[in-house]
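These values consider heavy atoms only, across backbone and side chains, with no hydrogens, waters or symmetry-generated copies. Please read all numbers here as calculations on a predicted model, not as lab measurements.
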Amino acid sequence: TISVADIRSQVNGDIGIKPYSGRYKIYIIDQAEKMNQQAQNALLKTIEEPPAYAVIVLLASQTGAFLPTILSRCITLSLKPLREDRIREYILAHTGLTKEEAEFCAGYSMGNLGKAMDLAVNEARIEMKKDCVGLLSRIHQMEIYEVISYLKELSKYKENIMEFIDMMLVWFHDILIIKTTKEADRTVFKEEFLLMRQIADHMTYEGIQNILCCFDKARIRLSANVNFD
């Protein structure tokens with residue numbers, strides 16, 4: 001969470017000082033959707049009447065967490081996803097990953113280079129992928145107590161739970177693609193194609209959509225600091 005103290009100390013308390021060199025002072029707030037309501041209200045007056053030399057950039061993956069008053073005072077620039085082959089080439093050039101590993105990271109990122117690189121340099125990615133496949137490949141055959149027991153083990157990913165949810169989302173996106181096209185070309189979990197095709201045959205489009213919606217709800221609630229368990 002980005003708190004009101006963060007905004008007051010790093011933006012509001014500094015923005016009144018003119019730049020020492022150059023025409024502008026540029027403030028970049030990364031993951032700005034993590035600003036709580038108090039922080040957004042503290043920033044509101046600053047973005048209403050910023051000094052002529054100040055530029056404030058809010059980077060966010062989605063706008064739903066912002067107050068309408070914040071959005072109404074900003075210019076929204078929607079950045080397009082990068083092509084998968086460009087992301088793969090970048091990963092191969094800047095990491096020691098194999099082509100297959102780079103391909104997985106590029107496909108998983110959905111066009112987001114930062115997301116792809118986060119996964120590429122994350123040493124836990126192999127174990128995370130293994131756990132994801134281990135759960136989703138047989139969850140339709142598991143009893144509810146088995147599912148609950150398995151989910152308790154996911155506490156080890158508490159700090160990276162959004163990445164784990166993203167990976168599960170990609171799995172079901174693959175299921176949807178396979179159900180629609182019967183092909184593996186545009187999937188991310190290519191090595192699991194035969195298994196996923198069997199799963200896709202037993203799922204409905206409505207069922208897949210319900211699952212994707214539930215993941216979105218889980219992400220929103222986790223972002224709102226609900227009890228993790």
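- With contacts defined as side-chain heavy-atom distances shorter than 4.5 Å, the pair Asp131/Glu153 does not qualify.
- There is a path of hydrophobic side-chain contacts, each under 4.5 Å, that joins Tyr150 to Ile161.
- Scored by the ring-ring contact (aromatic ring centres under 6.0 Å, His included) test, Phe164 finds Tyr157 as partners (sequence neighbours excluded).
- Atom CD of Gln62 is separated from atom CG of Asp216 by 10.0 Å, given to the nearest 0.5 angstrom.
- Contact between Ala32 and Phe66 at its shortest, heavy atoms only, is O-CE2, 3.5 Å.
- For residues 177-194, every residue pair satisfying the side-chain hydrogen bond (donor to acceptor under 3.5 Å, both in side chains) rule, not counting sequence neighbours, is listed here: Lys129-Glu191.
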Enumerate donor-acceptor pairs with a distance under 3.5 Å from any side-chain N or O in residues 44-60 to protein atoms, sequence neighbours excluded.
residue: Thr46; atom: OG1; partner: Asn12; partner atom: OD1; Å: 2.7
residue: Glu48; atom: OE2; partner: Arg73; partner atom: NE; Å: 2.9
residue: Glu48; atom: OE2; partner: Arg73; partner atom: NH2; Å: 2.9
residue: Tyr53; atom: OH; partner: Ile15; partner atom: O; Å: 2.8
residue: Tyr53; atom: OH; partner: Gly16; partner atom: O; Å: 3.2

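- Put simply, CD1 on Ile70 and CG on Leu43 are 5.0 Å apart, with the number rounded to the nearest 0.5 Å.
- One finds the OH atom of Tyr27 at 11.5 Å from the CD1 atom of Ile7 (value rounded to the nearest 0.5 Å).
- A search for side-chain hydrogen bond (donor to acceptor under 3.5 Å, both in side chains) contacts involving Ser61 returns Glu33, not counting sequence neighbours.
- If you check the side chains of Asp6 and Ser3, you find a donor sitting under 3.5 Å from an acceptor.
- Hydrophobic clustering of Ile, Leu, Val, Met, Phe, Trp and Tyr side chains at less than 4.5 Å, counting indirect connections, unites Tyr205 with Ile199.
- By the 4.5 Å side-chain criterion applied to Ile, Leu, Val, Met, Phe, Trp and Tyr, Ile17 is assigned to a cluster that also includes Tyr20.
- One hydrophobic cluster, built from ILVMFWY side chains closer than 4.5 Å, holds both Met117 and Leu82.
- Within the structure, side-chain hydrogen bond (donor to acceptor under 3.5 Å, both in side chains) contacts touching residues 158-174 (residues at least two apart or in different chains) are Lys115-Asp166, Asp166-Arg219.
- For Phe104, the ring-ring contact (aromatic ring centres under 6.0 Å, His included) partners two or more places apart in sequence, or in a different chain, are Phe189.
- Not one N or O on the side chain of Glu84 forms a donor-acceptor pair closer than 3.5 Å with the backbone of Ala106.
- In the hydrophobic clustering, where aliphatic and aromatic side chains (Ile, Leu, Val, Met, Phe, Trp, Tyr) are joined below 4.5 Å either directly or transitively, Ile220 stands alone.
- Atom CZ in Phe172 sits 4.0 Å away from atom CD1 in Ile211 (nearest 0.5 Å).
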*Report the C-alpha distance between Met110 and Val170 in whole Å, list the side-chain angles of each, state the deciding distance to 0.1 Å, and finish with yes or no for side chain to side chain contact (heavy atoms under 4.5 Å, CB included).*
CA-CA 9 Å; Met110 299 294 182; Val170 170; 3.9 Å; yes
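- Hydrophobic clustering (ILVMFWY, side-chain heavy atoms < 4.5 Å, transitive): Leu67 and Ile2 are in one cluster.
- In this structure, Ile178 CD1 and Met203 CE are separated by 11.5 Å, a value rounded to the nearest 0.5 Å.
- Take Gln37 and apply the side-chain hydrogen bond (donor to acceptor under 3.5 Å, both in side chains) test, not counting sequence neighbours, and it matches no residue.
- When all heavy atoms are compared, the tightest approach of Asn112 to Ile87 is N-CD1, 3.9 Å.
- Looking at residues two or more places apart in sequence or on another chain, you find no side-chain hydrogen bond (donor to acceptor under 3.5 Å, both in side chains) involving Gln209.
- Both Met167 and Ile165 are members of a single hydrophobic cluster when ILVMFWY side chains are connected at heavy-atom separations under 4.5 Å.
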With a 3.5 Å cut-off and sequence neighbours excluded, list the donor-acceptor pairs that the side chains of residues 136-145 form with protein atoms.
residue: Ser137; atom: OG; partner: Val133; partner atom: O; Å: 2.7
residue: Arg138; atom: NE; partner: Gly134; partner atom: O; Å: 3.3

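- Atom OG1 of Thr69 is separated from atom CD of Gln40 by 7.5 Å, given to the nearest 0.5 angstrom.
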Side chains of residues 89-101: which donor-acceptor pairs under 3.5 Å do they make with residues two or more places apart or in other chains?
residue: His94; atom: ND1; partner: Tyr90; partner atom: O; Å: 2.9
residue: Thr95; atom: OG1; partner: Ile91; partner atom: O; Å: 2.7
residue: Thr95; atom: OG1; partner: Leu97; partner atom: N; Å: 3.3
residue: Thr98; atom: OG1; partner: Glu101; partner atom: N; Å: 3.2
residue: Thr98; atom: OG1; partner: Glu101; partner atom: OE1; Å: 3.4
residue: Glu101; atom: OE1; partner: Thr98; partner atom: N; Å: 3.0

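- Taking each heavy atom of Ala116 and Cys105 in turn, the nearest pair found is CB-O, 3.7 Å.
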